[in-house]
Amino acid sequence: MQIYKGIGTGHCAHEDLIDFLNYVFGMNGEAQGFYRLLPKLYRPAYRPEDDNFIVTEDGKLRAAVGAYPIEKEIMGERRSAVGVGNVAVHPFRRGQGYMKDAMNMALADGMQKGADFAVLGGRRQRYAYFGFEPAGLCGKFVLNGANLRHVFGAQENDSGYTARQLAPEDAREIEAIDGIARRQPSHALRPQDRLFDVMSTWESRVCAVFS
């Protein structure tokens, strides 16, 4: 068993990583896959393999943990973080400590580079071994035809508002959405050329409301 970081070692090419992750998470790479679910991280141009800690046996990928850098602004102060994701172990190699080794190496690398904290989503009990605990709040709202009818009456189309799904070329609208996010007390600092992919994560549709 050997453990490495990134493609620079020559032990993990982009397609090898994506194929491995799709296999471990039970996705076929077409109808479901990491390209579709998380375009903000896994597009070939973003080189996710550079931020993965991988375990190999005889040159074959057996485990991978992604540790992706994030820049945030919290109450006017910039902070660096590591977003941990795609924690994956080959189903025939579980129970051998590969996930633990890759996680510890990823977190140690983040600390060495001066990250202020690390974030991830997943089972609390699984990641409590590494010091993670639930933190923060996540709010969401639902807007449907019934909501509009109660506010504007039966003729909701006469409300004066229209909604339109956005495309990557709608740069002005995407920048305006980013501006709203940046006015929040805590927000991520995203590169402009990745904003649409960030908003499209988890197969979300990016929409804007116009008056």
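Nothing fancy with the numbering, it's 1 onward along the sequence. Remember, it's a predicted structure, so these values are computed and weren't measured experimentally.
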Does [X] belong to the same Ile/Leu/Val/Met/Phe/Trp/Tyr cluster as [Y], with side-chain heavy atoms less than 4.5 Å apart forming each link?
{"X": "Val65", "Y": "Phe117", "value": "no"}
{"X": "Trp202", "Y": "Leu195", "value": "no"}
{"X": "Tyr129", "Y": "Met103", "value": "yes"}
{"X": "Leu17", "Y": "Phe25", "value": "yes"}
{"X": "Phe141", "Y": "Val151", "value": "yes"}

Counting heavy atoms not belonging to [X], are there more than 12 under 6.0 Å from its [atom1]?
{"X": "Glu15", "atom1": "CD", "answer": "no"}
{"X": "Asp193", "atom1": "CG", "answer": "yes"}
{"X": "Phe210", "atom1": "CZ", "answer": "yes"}
{"X": "Gln192", "atom1": "CD", "answer": "yes"}
{"X": "Phe130", "atom1": "CZ", "answer": "yes"}

At what distance, to the nearest 0.5 angstrom, does [atom1] of [X] lie from [atom2] of [Y]?
{"X": "Glu203", "Y": "Leu37", "atom1": "CD", "atom2": "CG", "result": "5.0 Å"}
{"X": "Tyr23", "Y": "Leu61", "atom1": "OH", "atom2": "CG", "result": "12.5 Å"}
{"X": "Gln184", "Y": "Glu73", "atom1": "CD", "atom2": "CD", "result": "12.0 Å"}
{"X": "Arg172", "Y": "Leu166", "atom1": "CZ", "atom2": "CG", "result": "11.0 Å"}
{"X": "Ser200", "Y": "Leu38", "atom1": "OG", "atom2": "CG", "result": "11.5 Å"}
{"X": "Tyr35", "Y": "Met27", "atom1": "OH", "atom2": "CE", "result": "12.0 Å"}

Side chain to side chain, [X] and [Y], heavy atoms closer than 4.5 Å:
{"X": "Tyr46", "Y": "Leu41", "result": "no"}
{"X": "Arg190", "Y": "Lys40", "result": "yes"}
{"X": "Leu120", "Y": "Arg126", "result": "no"}
{"X": "Arg124", "Y": "Glu133", "result": "yes"}
{"X": "Asn86", "Y": "Val24", "result": "no"}
{"X": "Thr201", "Y": "Pro39", "result": "yes"}
{"X": "His90", "Y": "Tyr98", "result": "no"}
{"X": "Arg183", "Y": "Ile180", "result": "yes"}

Set of residues satisfying salt bridge (charged side-chain N to carboxylate O under 4.0 Å, His left out) with respect to Asp170, sequence neighbours excluded: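 Listed in chain order: Arg164.
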For [X] against [Y], the heavy-atom pair lying closest together:
{"X": "Val206", "Y": "Met199", "answer": "CG2-CB, 3.5 Å"}
{"X": "Lys5", "Y": "Asp51", "answer": "CE-CA, 4.4 Å"}
{"X": "Glu71", "Y": "Ser80", "answer": "OE2-CB, 3.6 Å"}
{"X": "Ala67", "Y": "Ala106", "answer": "CB-CB, 3.9 Å"}
{"X": "Tyr127", "Y": "Gly122", "answer": "CE1-CA, 4.0 Å"}
{"X": "Glu57", "Y": "Met1", "answer": "CG-CA, 4.5 Å"}

Does Gln2 form a side chain to side chain contact (heavy atoms under 4.5 Å, CB included) with Ile54? I'd like the steps, not just the answer. CA-CA 8 Å; Gln2 294 177 299; Ile54 61 172; over 6 Å; no
For Glu30, side-chain contact (heavy atoms from CB on, under 4.5 Å) partners two or more places apart: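 Scan of Glu30 (side-chain contact (heavy atoms from CB on, under 4.5 Å), adjacent residues dropped) gives Asn28.
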In terms of ring plane angle, is the pair Tyr42 and Tyr68 parallel, tilted or perpendicular, where the classes change at 30° and 60°? perpendicular
Quick check: does any side chain N or O of Asp109 sit under 3.5 Å from a backbone N or O of Met105, one acting as donor and the other as acceptor?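 Here the side-chain-to-backbone pair does not exist.
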